[in-house]
2 protein chains.
Amino acid sequence: MTPPLNSETSHTVRKTLEFVQHHRLAKGDRLPSERELSERFGVARSSVREALAVLDAMRITERRPKSGIYLRNAVEDGGLEALVLQADLGLTFDPQVTRDVTEARIICEEQALRLACQRRTDADLSKLHQTLHAYASTIQAGGDMAEADVQFHLALVAAGQNRILVRTLTPLMLMSRRWRERYFESEAIRHRSLADHRDFVAAIEARDEAAAATLVRRHVETAAADVRALAEQGGAAASQTNTT
Amino acid sequence: MTPPLNSETSHTVRKTLEFVQHHRLAKGDRLPSERELSERFGVARSSVREALAVLDAMRITERRPKSGIYLRNAVEDGGLEALVLQADLGLTFDPQVTRDVTEARIICEEQALRLACQRRTDADLSKLHQTLHAYASTIQAGGDMAEADVQFHLALVAAGQNRILVRTLTPLMLMSRRWRERYFESEAIRHRSLADHRDFVAAIEARDEAAAATLVRRHVETAAADVRALAEQGGAAASQTNTT
DNA sequence: TGCTTGATCTGGTCTGACCAGATTGGTAGG
DNA sequence: CCTACCAATCTGGTCAGACCAGATCAAGCA
């Protein structure tokens with residue numbers, strides 16, 4: 001459900017991003033020609049072009065006719081969609097990005113939840129209970145917690161009746177999907193998370209803005225801290241990338 | 001500076017989106033095959049594929065191997081980047097989207113400005129003054145106000161030291177670029193806007209969070225109301241799209 | 001009626017070709 | 001020795017056509 005790209009295109013996009021990272025290319029630098037990339041990656045030029053069309057649309061690269069392919073921004077400085085793509089591809093970013101994502105999530109989600117308290121309909125409420133139930137089931141069944149978590153938070157935000165806010169938060173959620181996968185390996189965390197989610201729904205049901213706001217902050221901040229701890233402890237191997 | 005896509009790819013993307021709109025395709029509906037699209041649009045299949053790669057990456061379409069191309073979401077329900085693309089292409093959306101964008105902008109921008117008040121450096125401040133000056137010059141020279149406005153607001157947000165928030169707000173800004181173009185045709189509005197911007201910088205310089213917050217709300221809400229009035233008055237022709 | 005089978009359609013990928021500018025290297029002229 | 005000009009080369013943009021392997025579905029056989 002997550003991978004948006006075709007196998008080969010996705011593969012080539014990944015290869016290209018890796019190339020950029022590996023060669024420490026900076027904004028304005030020129031990439032090898034399409035023909036050379038296709039040779040280097042062992043795919044046809046048409047495949048390279050598809051990947052470049054995607055990178056272009058994401059404003060990561062810029063193709064200048066008769067000239068070459070240039071890096072529009074550093075890999076870490078594209079659009080949000082670009083970040084999601086990188087997260088999907090398993091590329092990591094520096095800690096500052098993680099902190100910024102957390103902060104942005106708290107900001108957007110807190111306000112969204114306030115709106116949800118004001119505007120939620122009974123339909124939203126039953127949807128929330130349903131999603132909450134699905135969440136609990138996923139814990140029982142040992143299913144995809146990261147996915148269930150994303151779905152729950154998005155349902156929460158959706159109750160705020162602002163589709164743009166939902167779209168804004170979606171990439172922020174998807175971005176931390178990878179981290180969450182490891183995060184939910186702990187049973188204690190899974191259950192604490194479920195308890196938090198119950199509180200969320202209760203707050204929205206009671207239209208208690210203050211409670212909801214406090215909950216988000218604590219929930220997201222705690223989760224972020226845990227993930228950070230996990231990253232430092234478990235995976236020095238997976239934690240570094242270029243920081244210019 | 002805005003158009004991110006190559007001529008032909010952009011052209012085909014536009015044609016495809018128009019096709020979807022014209023035929024009132026809904027989520028899950030199937031588009032014509034690549035071969036038929038290429039024939040219909042009068043371009044090679046490879047060009048269609050590039051466009052589809054972009055639409056795929058934006059999660060607007062989904063290509064199922066050996067099956068067909070399907071609409072992942074209604075055109076109005078893609079990612080933020082997709083909305084920007086549509087705005088760039090001159091496609092309009094329903095009023096609810098406009099309202100949601102305004103609300104989301106206020107939420108994100110208010111919090112970003114609060115952060116800016118706390119964290120802005122002297123470098124940020126001089127950058128802001130510089131951007132403000134450029135803004136005033138653009139008014140004098142009769143330049144691209146929409147662009148200058150976007151740049152100013154992004155500089156404002158950037159002072160909050162959260163790159164993710166900047167990236168979040170960028171599409172929201174770009175999205176309303178079209179509307180802004182007409183908006184800034186009024187001289188009165190141009191000057192009121194400049195005055196507002198001066199106040200913004202002053203508030204951030206004084207680290208006055210409350211003032212900054214009040215300013216954003218009033219500034220964005222007023223602008224949105226004006227644009228709405230303009231849309232209702234001037235262009236019934238340009239205001240409707242499908243609302244399902 | 002029900003099941004099998006093969007023609008057809010679809011996206012995925014590759015090869016190779018041509019175009020028109022941009023770039024660049026070398027050579028002819030000063 | 002240096003300058004100026006021109007042609008070979010390189011680049012992205014686009015097109016045409018081909019093959020593959022599943023998916024689909026209708027026709028035909030049991």
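Order of the sequence lines sets the chain letters (A, B, ...), proteins ahead of strands, with each chain counted from 1. Computed from a prediction, not measured in an experiment: that's the story for all the values here.
Residue Ser67(A) has no polar side-chain atom (N or O) positioned under 4.0 Å from OP1 or OP2 of dG21(C). Within the 4.0 Å cut-off from OP1 or OP2 of dG13(D), not a single side-chain nitrogen or oxygen of Thr9(B) is found.
Minimum atom distance to the side chain of Ser46(A) is reached by dC14(C), of the listed dA23(D), dG12(D), dC14(C). Here the nucleotide nearest the side chain of Arg35(B), chosen from dT15(C), dG12(D), dC19(D), is dC19(D). Of the candidate nucleotides dC15(D), dT10(C), dG12(C), dC15(D) has the atom nearest to the side chain of Ala44(B). When distances are taken from the side chain of Ile69(B) to each of dG13(D), dC14(C), dG11(C), the shortest belongs to dG11(C). Residue Ser33(A) places its side chain closer to dT11(D) than to any other of dT11(D), dG11(C), dT14(D).
We find that CG of Asp56(A) is positioned 11 Å from C1' of dG12(D), with the value rounded to whole Å. Across the protein-nucleic acid pair, Arg49(B) atom CZ and dC14(C) atom P stand 10 Å apart, rounded to whole Å. Protein atom CD of Glu62(B) is 17 Å distant from nucleotide atom P of dT10(C), rounded to whole Å. Atom CD of Glu34(A) and atom C1' of dG16(C) are 15 Å apart (whole Å). Glu50(A) has its CD atom 14 Å from the P atom of dG13(D), to the nearest Å. Between the NZ atom of Lys66(A) and the P atom of dT23(C) there is a distance of 12 Å, rounded to whole Å. The nearest whole Å value for the distance from the CG atom in Leu37(A) to the P atom in dT11(D) is 10 Å. Atom CG of Leu52(A) and atom C1' of dT14(D) are 15 Å apart (whole Å).
Asp149(A) places none of its side-chain heavy atoms less than 4.5 Å from the side chain of Met173(A). For the pair Thr98(B)/Val101(B), no side-chain contact is recorded, criterion being any heavy-atom separation below 4.5 Å from C-beta on. Inter-residue side-chain proximity for Leu194(A) and Leu132(A) is flagged as met; some heavy-atom pair is nearer than 4.5 Å.
Ring geometry for Tyr135(A) versus His197(A): interplanar angle of 30 to 60°, hence tilted.
Side-chain atoms of Arg45(A) and base atoms of dT14(D) include a donor and an acceptor less than 3.5 Å apart.
The pair Arg63(B)-Asp56(B) meets the salt-bridge criterion, since a charged nitrogen lies less than 4.0 angstrom from a carboxylate oxygen.
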